[in-house]
Structures are given as C-alpha cells and as structure tokens.
Amino acid sequence: MKFLEYQVKERFKAAGIPVPDGRLARTPDEAALAAGALGPVAVKAQVPVGGRGKAGGIKLARTPMDAKRAAGEILGMTIKGYPVREVWCETAQEITHELYLGLTLDRDARKPVLILSAQGGMEIEEVAEHHPEAIAKLHPDPWRGPLPFEVRDLIFRAGLGPLQAQLGPLIIKLYALARTYDALTLEVNPLALTRDGGLVAADGKLEIDENAMFRHKDLHGADESDEDPIEAEAKRRKLTYVRLDGSIGVIGNGAGLVMNTLDLVQREGGRAANFLDIGGGAKAEVVHSALELLASDPQVKGILINIFGGITRGDEVAHGIIDAARELNLKLPLVVRMTGTREEEGRRLLQEAGITPEASATAAARKVVELAATGQR
Amino acid sequence: MKFLEYQVKERFKAAGIPVPDGRLARTPDEAALAAGALGPVAVKAQVPVGGRGKAGGIKLARTPMDAKRAAGEILGMTIKGYPVREVWCETAQEITHELYLGLTLDRDARKPVLILSAQGGMEIEEVAEHHPEAIAKLHPDPWRGPLPFEVRDLIFRAGLGPLQAQLGPLIIKLYALARTYDALTLEVNPLALTRDGGLVAADGKLEIDENAMFRHKDLHGADESDEDPIEAEAKRRKLTYVRLDGSIGVIGNGAGLVMNTLDLVQREGGRAANFLDIGGGAKAEVVHSALELLASDPQVKGILINIFGGITRGDEVAHGIIDAARELNLKLPLVVRMTGTREEEGRRLLQEAGITPEASATAAARKVVELAATGQR
Amino acid sequence: MSILVSRASRVLVQGLTGREGSFHTEQMKSYGTNVVAGVSPGKGGTTQLGVPIYDTVVDARRDTRADVSGIFVPAPFAADAIMEAAAAGIGLIVCITEGIPLYDMVRARAFVEDAGVRLIGPNCPGIVTADEAKVGIIPNHINRAGSVGIVSRSGTLTYEVIQGLSQAGVGQTTSVGIGGDPILGLSFKEVLALFKADGATRAVILIGEIGGSDEEAAAEEVLGPGFGKPVIGFISGRTAPPGKRMGHAGAIISGNMGTATSKVQALQRAGAQVCDTIEEVVAAAGAALGQPSSAAHR
Amino acid sequence: MSILVSRASRVLVQGLTGREGSFHTEQMKSYGTNVVAGVSPGKGGTTQLGVPIYDTVVDARRDTRADVSGIFVPAPFAADAIMEAAAAGIGLIVCITEGIPLYDMVRARAFVEDAGVRLIGPNCPGIVTADEAKVGIIPNHINRAGSVGIVSRSGTLTYEVIQGLSQAGVGQTTSVGIGGDPILGLSFKEVLALFKADGATRAVILIGEIGGSDEEAAAEEVLGPGFGKPVIGFISGRTAPPGKRMGHAGAIISGNMGTATSKVQALQRAGAQVCDTIEEVVAAAGAALGQPSSAAHR
C-alpha cells in the first residue's frame, strides 16, 4: 500500500518528525485560503508516483492569488497517468542543504537498513552509484532496533556530526514509525536543513508490506483507482497482477513458474499481456476470478493457464476454469496445462468439459501463441 | 514510586487489561452515588500498603445506603499508619477462581521474570514456599520481551491451557505496561476468573524504578505524605533514608559502608536511628540536608557521620557538615570519621571548625554510642 | 545418502489439524515419512491421522524426540511457530506458509540464527529425499530416486524440473525448495555446501530467479573448481519487466545485482552450465550423469 | 601478575570531559594508568588532560587500540555507553555510573553477554592493580602492592578494607569493586575464578552484603577445597532491617536467599573464614599470608 505525500507527512508529524505546516486543497480557492493562513507556500500535486516536480506538479506561490493560479494549473494535470485531484499547500522552506534519510529491507543482509547521506534530494541514486562513500548505512538488529550509539556512529560516518543532537532522535523515531506501519520503504528525501538550523521532512515516501495488512485494517492509503483499470481491479480481487504489453494472458501458480511461462511464450514468438500469479493453495473461486479479469482485458487475444499443483489442487483449479469459461461464455482461445497434486481428477474434469490439457508447458505456450495469432478457439 | 489501587487500575484499563468498572469516592455520599450508578459494589480503602482486607478496609455493599455506610466506616480508618482519605467503589465481581500474575526483576537471573499461578489471592507467598510446582515462571529476553509461544508455554505449564486465548494477550499487555513505566513490580493479584468465564484484574500493584523517573516526569503516584514525617521529608530531599528504632543517627556514603556502620554501632552497644546513604559524589548541600534531617528527629540522641571518599570528596563533605552544624546550632553529639579522596583538606577544615575526626569507623562508633548515652556534646 | 531429511527423520507438523496441514500430513505419511507428532495449541492430547497432537513443541519434542518440523500455520502466526520450534531444539525447520510479514520474518530469522538451527523457507514447497521422506508439499508421484540434487527458489518450477527429470529417467537424491520470499532461512550457498559434501549426489541443479543476489553469492562463494560436481543452472524471469522497486532505498541497496544477466554470468563464471529451458536442464542433467536423457528409464 | 588491569592496559574513558570523568581521569593518570583516549560525542578532535578525545568508541579504538573502558557518563546514557564499548570490541568495561534504570541495565547486560565482553559494575568503584593501573574511583593513596586479592559488592567498604590492609602492611594484587546494583556484569563467581588462576594472589577477601544470592552461588560453584587459596569473607548488613521488598513477586523469586545468615553459612560451608569486623578481616588476611598484621610494614 502506498501513500500520498500529505498522508505520509501527517504520520511524520504524529511521530514527532518535524514537517512544514500545510493544508490540503481540492480547489484553487482552497489553495488561496491555505496561502492566506500560511504565507508563501509550495503548491504540490498529490499523486502516488515520483517525478511530479519535473512534470510541473510543484509551484511556489508568494500570495493567495499566486496560490490560486498555481493550484488551478496543477489540479487537472495528469502525471504519469494519475489525474491530480488534490494539492498540498505548505509553508515554503528556506532550505540551505538537502539530506537523504531512508529505511528499507536489505534482502541480502536479511535485515532492515537505515541509509543516511549528506547529499540528498533528487539525485540520491546517482550518489549511490558514483559516490558510494557519501552514503552511510546501518543495519539495526531487528529485535533491538537502532541503538543510540549506533545512530550516533551512522551520523558521524555520514559527516553530519554537528547535526547529531537533532538527527539522532529523528532517526530513531523514523525507525519506530516504520515498525509501527510494517513499512517496506520509508524515506525522507529531502530531509531539509533550513536557514534557521532546523531539520524538516520536505518530502516523504511510505510503502507498507501487503502481507502485514491484517495488522493495519483501519489504514487507508492513496486512492489508486486512477491507475490502469485492470491493475486496479486485480488489486480489488487481491490477485498478484502486473500489466505487460503483449497479447497472451497468462495465469499460473507460483512466481517462478509464471515468470518461466512468460519466458516460454516469448521463446514461441508471442508476448505476454500480463503476469498473474494465483499463489499457492488457490481455490476454484480465485481461478474463476483470475480468468474473469483477463477476459475483460481487450488487449488479451488468448489465455494460457499453467498449473503445477503442490499445495494447489488440480480439481479445484479445473472447477474454477470450467465454471468461469461457462459463465463468461469465453470466446478467446484457452490453453491449459495442468499437472501435480490431484492432476488426474483435474484433467478428467477439464476433458469432460471439452478442454484438452496440453502435455507440457512448452507445448501449451506454443499452442496458445499459435491460436492467438490465427484467432482460433 | 508506588501507586494506589485505583491509579494502577486506570493504567490497566488504558493498556487493555480488563478491570471492573469503578469510581473514586472521597465522602460517603460520593460512595452512595457510585453504588447508584454501578449497582452492588466493593468499597475499598485506598492506601499504599497491603493487608487492608484483614484490617477491615474492604466491604461489600448491595445498595447505595450500604455503600454510604461502608464508606463512612472506612474513610477515616488508619491502616498501618495511613489514614484512609479515598475509597474505590467498584462493581462486585462473581469470582469463581483467583489466579496470580506478576512481573518483577530477578536479580539472580539478571532478567525480568513473569510469574503465573492458578493459585492466586492472598496466600501466593505460601504457595511459592510450599507448592513451588504450582508457580510457573518465564524469563523473557529483555530485548525481545515475552514471545507468543513462550507465553503459551507458560500458560500450559501453569495448568491454565483452557484460558490461553484470553490470558496470552493479557500477559503480553502486562509486560508492555511494565516496560512503559519501568516497573520494578507489576502484579495482578488476584487475576479473577468470573462466573461468565471472563478474566478481570481484581487488584493491582505497581512500583516504578526511582532511577527511571527522568523518563516519567509527569507521573504522580500515591501521596505518601501520610507516612512517617521524617521518611516523607527524606523523600522530598531525595535522600536514601530508612527509619530504624535506635537513637544514633547515621550518615554515610555507600550502602555497604552505611550498613557496616549500623553493625559497628550495634557492636558498641548502641542502636541506629536510621539508615541514611548520601551516595557517591555528594556535594556539600546534600550533606547539609542530611544533617538537617537527622537533627529534626527527636529520636536521635547522637549523630555519626562516616565518609570514605572515592567519588565523594572530603572537602565537600566537610563544608556541608560545618555549615549545617553552624546554621542549625547543633546541640547533639556529632562524631565524624573521614578518609579517602581529599581527606587531608576535609580533616583540616573540620579541625579548624572545632570538630576532631576520629581515626577509624570503629573508634567513631564507640565514641558516638558513649556520648549519646551520657548526653555529652 | 541424501541431505537434510531421510528415512531416519522424526517429523513434527505444526498446524497439523488445519486444512493444509492435515491434507499434506496425509501425503507425507503416504510417501513413507515418519511423522511422529503434531502441534496445535489447545488440542493437546488428541490424535489425528494416527498422530498424537501436543499443545507446544516442547511437549511434543520431549515425548517423541522429533528433529524436523514442517510448518503449515497461517501467516500471522507462522513466524512465532518458527521461533517456537527453534527454541525447543528442533534441528531443521521447514516453513511452507506463504505471506508472512517481512518484519516478522526478519526477526524470526535472527532468532533462528541465534539458536543455531536450520530453517528452510518460508513460502517454499519443502524438501523431498526421493523414496525416503518428504517435508512439505512437493507432489509425491513426480519424484524418483537417483543421484541429482536440486535446489530452487521457485516452488512450482521445482516440480517442473523434478517431473522432467523423472520422466527422462534421471532420479534425484534430495530436492530442496528454499522459497521465494525476500527473507529466507538457508540460501543457495548453504544447500549447495550440503550437496557438495553428500556422496550420493553426483550433479546439482540450481533454479534461480531475478531479484536479490543469492545466486551470485553462491556462484562466488561455493561453486567454482573446488565444488567437484557438475552444476546446471536455470534463471527464470529473463523476459519479466523490472517490476516494482522499493523506492530509491531499494535501488541504493541492490545496485546492479539481481538481474537475470547478472545471475547467469555469475553462474557461468563459476563453471555452471546455464540452460534456457527446463527441457535443456533435464537433458544437461542426464548428460552430466552419462545418461542419454531420452532412453534412461531404469 | 594481577587480574583484569595492569600496566599494559590501554584505557579509554567514556565521558572524560565531564566533571567526574575529568577529575578521576587525572587521578588515574597520576596513578600511572595508561589512559590513551577519551570519548565525548561532538568533542572529537580536541584534547583534554593531554588525552585525545573522539566522537565514538569505534574511532577511539581504531586509533589507539584501547582495550579497557572506564565509563563516567550520566545515568540516562550510561547503558548506551556500555553497549557502545562492547560493540566496538573493548574487552573490559568498567562502569562507575550510579543510578542506571534497571531495565536499561538488563538490556545492556544481555548485550554485553552476547558480545562476549567483560563488564564490571555499574555503580561500582572500579579496579586497582596496586602500583600498576587504576580504572575507577578508588582513592590512589590507600593501595599498596602485595598478594591479597579483593572482590567486593560495596564501594566504600572496599576502601575500608584496602586501607586497613595497607596500614597493616598487607599489600594487594588487584582490588575489584563489582558494584552494588541488582543487575551487574561480572559477579563474585567470575572474579574469584580469575583470582584462583592468578599466581600472584595468595589469599582472597570477599566483601558481600545482604540481598541477592551471588555470595551463595560463588561459595557453591567456585570456592571449596579446589579453590586452593585462603578466602576471608565479610558480609555487611547483619543488623539491617529486611528493607523494602518488591511485593510478593520479589519474595517468590528470592525465597530464603539473600539474608546475612544464608551468606555467612554458605561461605563457611565452602571453607571461608567469615569475619565480623573489617579489623578482623585485616588480621585474618595477614595471618593467612603468615604476616602478623600489627608489625608487617615492609
């Protein structure tokens, strides 16, 4: 789950991490009111993607009239496919230096990692590539969290010793916030040093582990309904779906198997329209739901279902396929490959319903590419 | 710092540990109102010591009139020296079984310890002595805290498996509460199983680590001003003081040295009036304050100051003694033994002020016992 | 010989009484696995599928001397189940559960490491030592005893490879699915070291996928001339899009590691034969053992 | 010979620039201790009392190879300072600070144990190896080199004993104040084991006090016939009242342990000579070494 800038900043504020004063505006008049209350403001488009600055989604406004004009221009823009519906108007900061502070999970270290750099702002990835020495890291013990002495050491290693007294508690609060929200990523970039010597989170990013949502049932993140309608629908159906640019709809169980199926489709001269993993142990309803989703995608010219049952059972999958194909009155070519747990039952059910499973994944990929190309059922 | 029952229960409630509904009453009429709102209640004296049940400080009241009468009897009682100024009126519970749940620090294990027993109530110490097998303990790792599986294991070992689903989260909440408040001791005794199968904290005890008070500056515990006026005054002066029953006032630096001084006084035929440790690194003001305190105690017939300076400096101590003796116009026999860091300066200062330090702690103890017995200066 | 599990393994199933746990315990037993106990808090004292159920792993272990645990408990409770097994002295823990929150796993992994215990998974298909024992969910009928060891990050692709080998008459010693999650127990490195030391394993198949740098680490630290056995590699996701990244922070940490190219090259540098399809993997394994794969049915 | 600190110790002082830290660093230096560095975050790069100051222990250790740290930082930050020293690889940490919250110490102690490092204290007077080195606050002039080892829970009583011995002409190898807090680093057991192994120490004095059961544990686990050196014990607090107890829970945990009687009896069972006064302790130590205490000035 992702959040908009203002949602992240609300959480920073509640956690004691300093943020500029700001107000949300949905109309140019609201932006003018905000500027009236706050003085000179930055008017910032609220979209769940990066790069809005370059796209013209951030403007400075010295007066309420300026703010109204800026909001008028930004509201209604579309940034990377997201129409801007809200702007965040916040007190303009006199920034003298931009730092970077971030937290993510380091899969190789099998630990969380805190990252601090005196060179923050837009170009942090380039700093990481070309000046790795300018990036200081700390892998806190996952039970202990970052200890004060470890954080001090991080700060001195980043060359930010003089900011120690302010920065130390801020880093510990950031980590606590990440733990509270099961954050996969929590970034303050830039963490701005202002003319008066204070530190303020000028922008923030937060992404929550979907697997931990059972602990955060009351959380509402960014409304992503504006994105690709099929991706949004997949999210509602809780399917692991990624939109691709080909024409073969692919359904499989297990990320490795689905990725391999994409590879096979490409080897046979086709291109997949999507990645769709129904995961382990999927029941008939999930298969049904996945098939229904792909059938609704006009880009899809043929569907390949590749199931190797382990915890997933062939008969369950077959029931899902058969019911969905019947209900949807599916006109597209549908090729199924099914093996593994309860494959006998599954294959028998499919055959009784007039669907002949292919013998191997390679054969199935070849078949679906061929059928999609010729438009046959 | 200690807390009254109702103060502990407020904290239990905030932490999600179930407690009976209750109201505080300072007059019989308030108790009647509480019973009117709550129905049948237990009217319980609020004093910072145990044993109030046996002393008649808890009465059941079925009606508001009963409650008024009970409160009238309890308010104004004195329990172990504490006048009862408030009663806690809480919904009477239909208790079918009493458990014990407690947390303290186990100094031998150098860890916190959770203690759970199916045999709770008043006699838990006897259970511990005679049926140690009825007491289950868990030493959580101090960084990890009690883990769910460890708590389940504790509950099954205590023979309370059927209560697992309720008791597990309650124990984890209790531990979190203890950590939040730096509790040296946190007890729920009895933890009552009610007729409807629920668990409720029928009584609670909380004692906070004085060393951690810098983290809890906004906390207010039980008003202990009713206790021994000298002990209360010592607390206000932040002196480590324990009232004893003899006549020799003893001041020293370091618990071991003070305890040994008490032993020496007793060997010489006297008895100490108190234990007073000014700790390490005490400055002149602290010595002054300690001397002033003992001088105010009518029980004290002579004062022995025993200082072996390490981090404490002889000159600082001497200044405190001299100033206090002069200001208080001290009439009592005063014997000083001083050695260690800056002893030369300290001894010289004392001698200039007409106080001759003794050569050894034993000699000083003998002298003060002798002087106190004869009433000499 | 084989690695990790064998006929001698005494297997405990945590979550045996649940839907998945009971189904797959039945499968494991029918494969001949010695399932000695189940753990389901509150159901201690009962019996299911002929297996005694205990409230805690400590109790189960005291009575049955179980040394391997298979975990089928739901995701919110799975990390706790892993730690319970580790604390009770279970030597090998195989966690099948999918969807465990990453912070839970980071903690559980540190716990397991402190306890000096082996963990496979989570989100993995488990382990089969062919014709001896199975802990997990790999379909029984696809396995065939032989001399190829398999280690894989992908669950279902593991099945593909096992089935392909068996159909081609190329049997396996042990097949290990290490799981697809970002935070895992044993990785390629450790499992390859076990295969290296196992006399019965004459060739090893490594099935990797994009993301992380465990394949690279294994290639650099374990494989190479000293490994002493032919290694056949396969990396899935070559045509997959870069996918979601964890903001800037993820990019800073992972750098250029984790692409299919990086993995293929690292394996090749270490002397592994990297194949493009599962069919090629099967053929290469047959060739490595001197078995022409088409006619190798024993 | 001696234990824990010697002329070769390279001593770091955490909190050197504070009031207590600077006063006692001066004392330590004047005793001849090799103080190589100080740590005060934010004051790195400066010099005080001729000692270079660093921002972190890691930095100080890299430059100076310090192997012992004396901690004089205020109580709210002292547990963190202990952990910083342990994480940086300091082998012996001596924490003088008094008043550290107990939960902080419980965590710091677990941390130090995981790091495999020795901690003395907190709330202790530290260590003196007579005529060689001092880390802590024991007054310089009372020590005298010789062959008695001292280990004590009480700060100021330690001074009494040292002074008494020195005045009677009975010198010391090393005097160790282990501290009076409920949660400590090394206890009697570990320090006694070091004295047992120290060739120069010919007799040991143990100064205990009421509370806890460290004296009993030492008597049962380390002392006894195998110890091989005379042990003289002293327990203070015999006439002290039971004092505050930690509610029921404390009583359940401590049972009958911790009284002066329990400690005296345990020491006597282990063959120690338990004395009633410090004067007796001094005389007994002299006798144990074959020195009549009154006329033993060397």
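Within every chain, numbering begins at 1; the chains are lettered A, B, ... in the order of the sequence lines, protein sequences first and strands thereafter. Only this structure's heavy atoms are used, side chains among them; waters, hydrogens and symmetry mates stay out.
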Asker: Which answer fits A/R271, side chain, backbone, both or neither, if we ask what part of it has an atom under 4.5 Å from a heavy atom of chain C?
Answerer: neither

Asker: Side chain, backbone, both or neither: which part of C/P76 has a heavy atom under 4.5 Å from chain A?
Answerer: both

Asker: With the side chain counted from C-beta on, respond yes when C/I96 and C/I71 share a heavy-atom pair under 4.5 Å apart, and no when they do not.
Answerer: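 C/I96 does not reach C/I71 side chain to side chain.
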
Asker: For C/Q27, is it the side chain, the backbone, both, or neither that has a heavy atom closer than 4.5 Å to a heavy atom of chain A?
Answerer: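 Contact with chain A is absent: no heavy atom of C/Q27 under 4.5 Å.
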
Asker: Chain C heavy atoms under 4.5 Å from A/A178: which part of the residue, side chain, backbone, both or neither?
Answerer: both

Asker: Could you tell me which portion of A/E210 (side chain, backbone, both or neither) has an atom closer than 4.5 angstrom to a non-hydrogen atom of chain C?
Answerer: neither

Asker: I'd like to know which of C/G180, C/S236, C/S154 tops the heavy-atom pair count under 4.5 Å against chain A.
Answerer: C/S236

Asker: Mark yes when over 12 heavy atoms from residues, nucleotides or ligands other than A/K283 sit less than 6.0 Å from its NZ; otherwise mark no.
Answerer: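 No, because the 6.0 Å sphere around NZ of A/K283 holds 12 heavy atoms or fewer from other groups.
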
Asker: Determine whether C/L102 and A/L184 make a side-chain contact, defined as any pair of heavy atoms from C-beta on separated by less than 4.5 Å.
Answerer: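 Yes, side chains in contact.
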
Asker: Check whether C/F23 forms a cation-pi arrangement with A/R313 (NZ or CZ under 6.0 Å from the six-membered ring centre, at most 45° off the ring normal).
Answerer: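 Positive - A/R313 is close enough to the ring of C/F23 and near enough to its axis.
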
Asker: Where does C/R107 contact chain A at under 4.5 Å (heavy atoms): side chain, backbone, both or neither?
Answerer: both

Asker: Apply side chain to side chain contact (heavy atoms under 4.5 Å, CB included) to C/R109 and C/I183, showing your working.
Answerer: CA-CA 8 Å; C/R109 192 184 190 276; C/I183 308 294; 4.1 Å; yes

Asker: Which atoms of A/R337 are under 4.5 Å from chain C, going by heavy atoms: the side chain, the backbone, both sets, or neither?
Answerer: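 The answer is the side chain of A/R337.
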
Asker: When you look at A/S247 and A/Q299, which way does the side chain to side chain donor-acceptor pair (under 3.5 Å) test go after all the steps?
Answerer: CA-CA 6 Å; A/S247 62; A/Q299 183 186 316; over 6 Å; no

Asker: Indicate the atoms forming the closest heavy-atom contact of C/F188 with C/R153, along with that distance.
Answerer: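 Looking at all heavy atoms of both residues, the shortest contact is CE1-CD, 3.6 Å.
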
Asker: Do C/E216 and C/S262 meet the criterion of a side-chain donor-acceptor pair at a distance under 3.5 Å?
Answerer: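 Yes.
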
Asker: Let me know if C/N140 has heavy atoms under 4.5 Å from chain A in its side chain, its backbone, both or neither.
Answerer: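 It is neither, since no heavy atom gets under 4.5 Å.
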
Asker: Would you mind telling me which of C/D104, C/T277, C/I137, C/N123 has the largest number of heavy-atom pairs within less than 4.5 Å of chain A?
Answerer: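 With the most close heavy-atom pairs to chain A, the winner is C/I137.
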
Asker: Between C/T156 and A/N253, is any side-chain donor less than 3.5 angstrom from a side-chain acceptor?
Answerer: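 Absent: no donor and acceptor within the cut-off.
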
Asker: Any donor-acceptor pair under 3.5 Å linking the side chain of A/D263 with the backbone of C/G237?
Answerer: yes

Asker: Can you tell me which portion of A/N306 sits under 4.5 Å from chain C's heavy atoms? Options are side chain, backbone, both or neither.
Answerer: side chain

Asker: Can you tell which of A/A272, A/P132, A/A212 has the highest number of heavy-atom pairs within less than 4.5 Å of chain C?
Answerer: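 Of the candidates given, the most pairs with chain C belong to A/A212.
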
Asker: With respect to chain A, which residue among C/L184, C/I235, C/I138 yields the maximal number of heavy-atom pairs within a distance under 4.5 Å?
Answerer: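 Of the candidates given, the most pairs with chain A belong to C/L184.
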
Asker: Between A/T339 and chain C, which part of the residue has a heavy atom less than 4.5 Å away: side chain, backbone, both or neither?
Answerer: side chain

Asker: At a heavy-atom distance under 4.5 Å, which candidate from C/E113, C/E160, C/E209, C/M105 has the highest pair count against chain A?
Answerer: C/E160

Asker: I'd like to know if the side chain of C/Q167 pairs up with that of C/R144 as donor and acceptor (distance under 3.5 Å, no hydrogens or angles considered).
Answerer: no

Asker: Side chain of C/Q172, backbone of C/V170: donor and acceptor closer than 3.5 Å?
Answerer: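 Here the side-chain-to-backbone pair exists.
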
Asker: So which residue, A/R179, A/Q266, A/E343, A/R267, ends up with the most heavy-atom pairs under 4.5 Å with chain C?
Answerer: A/R179

Asker: Using a cut-off of under 4.5 Å for heavy-atom pairs, which of A/D182, A/L257, A/V258, A/I307 has the most such pairs with chain C?
Answerer: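 Option with the top pair count is A/L257.
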
Asker: At a 4.5 Å cut-off on heavy atoms, which part of A/D209 comes close to chain C: side chain, backbone, both, or neither?
Answerer: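 For A/D209, the contact with chain C is made by the side chain alone.
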
Asker: Pick whichever of C/P139, C/S152, C/A110 has the most heavy-atom pairs under 4.5 Å with chain A.
Answerer: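 The residue among C/P139, C/S152, C/A110 with the greatest pair count is C/P139.
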
